[in-house]
There are 2 protein chains.
Amino acid sequence: MTGDDELAVAGTLLAADILDRTCTSRAIMDQVTTRWGTLIIAALIKGPHRFSQLHARVDGISQKMLSHNLKTLVRAGLVNRDVEPTVPPQVTYSLTPMGVSLATPLTQLIHWFGQNASGILEAQAGHDRQAGELSAARH
Amino acid sequence: MTGDDELAVAGTLLAADILDRTCTSRAIMDQVTTRWGTLIIAALIKGPHRFSQLHARVDGISQKMLSHNLKTLVRAGLVNRDVEPTVPPQVTYSLTPMGVSLATPLTQLIHWFGQNASGILEAQAGHDRQAGELSAARH
DNA sequence: CCAGCTAGCTCACCTTTAGTAAGTAGCTTT
DNA sequence: AAAGCTACTTACTAAAGGTGAGCTAGCTGG
């Protein structure tokens, strides 16, 4: 098993103070890796999108939350906001170079969940089954 | 600039349906990568911890949220919960093999934020300065 | 000339989730 | 008998998020 090796590598990479509440990188991570923030960036990996395209692509997001999260990402310098002064105006969002560099680790994380979703589902089912047996045994 | 290359690599790795609201991996990612879930796993990378140790280590978390998130992670099969029936009882939490494999991409993401926190802080400051100038110009 | 259409938001209202503080169990030490 | 320890719950409150309606501004069809 290579588990311990991976753990050691991960440990050395880990920023020492991410667990400290006053750490700036933790505050920024909280702002960016929200429920919708990661999905918006994931959608923009495929290329620039307009507001309504993102609204359709990021399934389930409300316009309010899309607008709010885009503002945060633009302010953080991860996303560009380009307005074409046509009528009605066309607003296009795209990743900045910094946003692109974030896309790599973020995509690996998403990829991990794609690979391990079924494993987690099984673990959850097993856990629930065991809990059910225990509560049944108590009666 | 290698931005486009990174983007292409990221695009191919990206699970096709993470943006779909019915996708199971998205539901699971929502459960695990919460504000505290990532930090708890990050803390456990360094080795097993007891409840009170985690409470001290993950700065700012309440006992309620620690308990709740640990339950979720245990149910997902990412964290082990071992009870020593001493008095008072000692409960030790540690990463499962699946938890260890998640630690790798998660650590890379945390590492990215460690590297780019200052860049984002600058971008935010620049963005706010520009907004201030614009609103000043309007008067 | 003016109602209607469009994209990209913004606002008011309500529900769900997270945070705070206090309480609980069972046993030990003082 | 009183206080403390660990690992939690529970009740209450604050913040985040969801829903649906409305707004802007100019162009187009009637």
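Below, chains carry the letters A, B, ... as their sequence lines are ordered, and counting in each starts from 1.
Distance Leu66(A) CG to dG20(D) P: 17 Å, rounded to the nearest Å. Nucleotide dG18(D) holds its P atom 11 Å from the CZ atom of Arg21(B), rounded to whole Å. Rounded to a whole Å, the NZ atom of Lys64(A) is 11 Å from the C1' atom of dG20(D). In this entry the distance linking CE of Met65(B) with P of dA7(D) reads 19 Å, nearest Å. Rounded to whole Å, the distance from CG on Asp30(A) to P on dA15(D) is 16 Å. For Arg35(B) and dA15(D), the CZ to P distance is 12 Å, given to the nearest whole Å. Separating the CD atom of Gln63(A) from the P atom of dG17(D) is a distance of 17 Å, rounded to the nearest angstrom. Remark: P of dC8(D) and CG of Asn69(B) are 13 Å apart, rounded to the nearest angstrom.
Contact annotation for Ser62(A): base contact, defined as any heavy-atom pair under 4.0 Å involving a base atom.
Atom OG of Ser62(B) is separated from atom NE2 of His55(B) by 6.5 Å, given to the nearest 0.5 angstrom.
Contact of the Trp36(A) side chain with the Leu39(A) side chain is registered, since non-hydrogen atoms from C-beta on lie closer than 4.5 Å.
The residue among His68(B) and Phe51(A) whose nearest nucleotide of DNA chain C is located toward the 5' end is Phe51(A). Mapping Gly60(A) and Tyr93(B) onto DNA chain D via the closest heavy atom, the residue that lands nearer the 5' end is Tyr93(B).
Applying the side chain to side chain contact (heavy atoms under 4.5 Å, CB included) test between Ile18(B) and each of Val58(A), Thr38(A), Ile110(A) identifies Ile110(A) as the sole match. Among Thr72(A), Leu73(A), Asn69(A), the one residue that satisfies the side chain to side chain contact (heavy atoms under 4.5 Å, CB included) test with Val32(A) is Leu73(A). Each of Asn116(B), Ile120(B), Leu109(B) was compared with Leu102(A) under the side chain to side chain contact (heavy atoms under 4.5 Å, CB included) criterion, and only Leu109(B) meets it.
Thr33(A) contributes a side-chain N or O that, together with a main-chain N or O of Met29(A), makes up a donor-acceptor pair within less than 3.5 Å.
Taken over five-pair windows at either terminus, the axes of the helix from dC1(C)-dG30(D) to dT30(C)-dA1(D) are inclined to one another by 30° (rounded to 10 degrees).
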Steps toward salt bridge (Lys or Arg N to Asp or Glu O under 4.0 Å) verdict (Arg26(B), Asp17(B)): CA-CA 8 Å; Arg26(B) 178 169 142 186; Asp17(B) 51 351; over 6 Å; no

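Chain B approaches DNA chain C within less than 4.0 angstrom (heavy atoms of the protein), and the contacting nucleotides run 5' to 3' from dA18(C) to dT28(C).
Of the charged side-chain nitrogens involved, at least one lies within less than 4.0 Å of a carboxylate oxygen, so that Asp30(A) and Arg35(B) count as a salt-bridged pair.
Distances shown here put every side-chain N or O of Ser52(B) at or beyond 4.0 Å from the OP1 or OP2 atom of dC5(D).
With a 6.0 Å radius and a threshold of 12 heavy atoms from other residues, nucleotides or ligands, Glu84(B) has its CD atom at or below the threshold.
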